[in-house]
Amino acid sequence: MGVLLLLASCVCSSCEKANLGDDGDEPEPENGVRIELRISRFEQIAFDGAQAKSRAATEVSELCSRLTFAIFDAGGSRVKSVSQTSTDKSFGTFGVSLPQGSYRVVVIAHNGNGSVSVTDPEKIKFPDNKVTDTFYCCEDIEVTDARSYALELKRAVAMFRLVITDDVPASVKQFKFYYTGGSSTLNAITGRGCVDSRQTEYRGVTAEMAGKPCQFDVFTFPHADEGELKMTVTALDAAGTTVAEKLFEAVPVQLGWISKYSGQFFDGTTQTGDITFTLSADGNWQEITHSY
């Protein structure tokens, strides 16, 4: 099951407003030491004492479509940044000249529709506050001579996966996902969400999806205490009228885990019934399955 599978187009809005700032506008320092930053692997977060798994840099474009490299000096000022897309020849590698000294490197990898401008490592906002599968790196380096730095990125998100096992009525044109308990803003130093968000996302229903079961994925940045999401999923017709609605009141939020809810959505009920838990893994994520 590919983690980058997008089953429907989506538009995301939130109570937070992004201030992305300018990106890559700093002039390259003169008389510096030439260094190269290179993504070497992605760590897959493991739990319950299991050893973390890693994937090689050749798979960078398989896991993300956008990268932002940002470098901060010892005083916390950003000295250089650049954003890349998977179509760039240098995707996954960034070369820059820096005066000798101490620096902090921040890298954000994601699948959003726009670039991220990292102006504050502790409060990174994303275009339209839309959270996709996201990886990060925050590493302090000491620049003394020309060299290449191999960087490891870690996953920063949890996933809510809704699997609808009955057929979607032809009248349903989109699904609305409204939830609290997560974050759409990332602290790259801690690797956790740092703002209490009320997030709303929409997933469109195409003509090909009508009359069939379907699946939707929603991402969020867990807080340090992880906690739970309160998720309301509403099926809407073309006029915005509710066709069916489910309330998931205690969705587990764990870094690197999928909370998968599978069941009949259009059965006339308005909220979840008893929930049963099973645990499985697909190689990239850990997965908890809930039946509703």
Side-chain angles (χ1 to χ4, degrees), residues 3-4 6 9-26 37 39 42 45 63-73 75-86 94 103-139 151 153-160 176-203 217-227 229-231 253 255-256:
V3 299
L4 299 182
L6 297 180
S9 61
C10 61
V11 177
C12 169
S13 62
S14 170
C15 63
E16 302 172 32
K17 295 188 178 298
N19 180 14
L20 298 180
D22 297 325
D23 184 49
D25 55 354
E26 304 90 351
L37 304 175
I39 302 209
F42 288 79
I45 303 299
L63 292 174
C64 61
S65 59
R66 293 183 180 272
L67 284 168
T68 295
F69 294 85
I71 302 174
F72 297 82
D73 63 20
S77 297
R78 191 178 74 175
V79 297
K80 191 64 181 176
S81 67
V82 67
S83 292
Q84 301 175 346
T85 66
S86 57
F94 172 43
Y103 296 91
R104 171 165 286 168
V105 175
V106 176
V107 184
I108 302 296
H110 65 108
N111 295 289
N113 292 325
S115 297
V116 173
S117 183
V118 182
T119 57
D120 180 355
E122 296 186 82
K123 199 169 186 179
I124 300 172
K125 295 177 179 292
F126 292 75
D128 301 319
N129 291 309
K130 174 176 165 37
V131 181
T132 61
D133 195 9
T134 303
F135 294 79
Y136 76 101
C137 172
C138 183
E139 184 172 325
L151 304 176
L153 272 62
K154 299 179 180 181
R155 179 168 270 130
V157 292
M159 182 199 295
F160 170 83
K176 175 184 176 182
F177 294 79
Y178 172 76
Y179 60 102
T180 58
S183 177
S184 61
T185 303
L186 175 67
N187 182 333
I189 296 177
T190 64
R192 298 294 182 148
C194 57
V195 174
D196 292 327
S197 299
R198 297 186 301 275
Q199 295 169 257
T200 303
E201 296 197 18
Y202 293 89
R203 299 289 191 269
D217 295 340
V218 175
F219 298 89
T220 193
F221 298 117
H223 292 281
D225 58 359
E226 295 194 325
L229 299 180
K230 183 176 182 180
M231 173 78 70
V253 181
L255 183 63

Nearest heavy-atom pair of [X] and [Y]: which atoms, and what distance?
X: Leu186; Y: Arg192; answer: CD1-O, 3.6 Å
X: Val253; Y: Pro222; answer: CG1-CB, 3.5 Å
X: Met231; Y: Val218; answer: CE-CG1, 4.5 Å
X: Leu255; Y: Val157; answer: CD1-N, 3.6 Å
X: His223; Y: Gly193; answer: ND1-O, 3.3 Å
X: Gly112; Y: His110; answer: N-ND1, 2.9 Å

For [Y], does its backbone N or O pair with a side-chain atom of [X] as donor and acceptor, under 3.5 Å?
X: Asn111; Y: Thr132; value: no
X: Ser115; Y: Ser83; value: no
X: Arg203; Y: Asp217; value: yes
X: Ser183; Y: Asp196; value: no
X: Thr134; Y: Ala156; value: no
X: Thr200; Y: Tyr178; value: no

The complete set of salt bridge (charged side-chain N to carboxylate O under 4.0 Å, His left out) pairs with one or both residues in residues 104-117, sequence neighbours excluded, reads Arg104-Asp140

Do the non-hydrogen side-chain atoms of [X] and [Y] ever get within less than 4.5 Å of each other?
X: Asn113; Y: Asp128; answer: no
X: Val107; Y: Leu37; answer: no
X: Val106; Y: Phe72; answer: yes
X: Glu201; Y: Ser184; answer: no

Sequence neighbours left out, what passes side-chain contact (heavy atoms from CB on, under 4.5 Å) with [X]? Give chain and number order.
X: Lys230; value: Thr180, Leu247, Glu249
X: Asn187; value: Glu122, Ile189, Thr190, Cys194
X: Ala109; value: Phe42, Cys64, Leu67, Phe135, Leu153

Should the ring pair Phe221 and Phe126 be called parallel, tilted or perpendicular, given that the plane angle runs from 0 to 90° and is split at 30 and 60?
tilted

Exercise for the section: Look at the rings of Phe94 and Phe69 and say which category their plane angle falls in: under 30° parallel, 30 to 60° tilted, over 60° perpendicular. Expected result: tilted

Sequence neighbours excluded, the answer for side chain to side chain donor-acceptor pair (under 3.5 Å) partners of Tyr103 is none

Atom [atom1] in [X], atom [atom2] in [Y]: separation rounded to 0.5 Å?
X: Glu139; Y: Leu151; atom1: CD; atom2: CG; value: 5.5 Å
X: Thr220; Y: Leu229; atom1: OG1; atom2: CG; value: 6.0 Å
X: Asn129; Y: Arg198; atom1: CG; atom2: CZ; value: 12.0 Å

Taken in chain and number order and not counting sequence neighbours, the residues that satisfy ring-ring contact (aromatic ring centres under 6.0 Å, His included) with Tyr136 are none

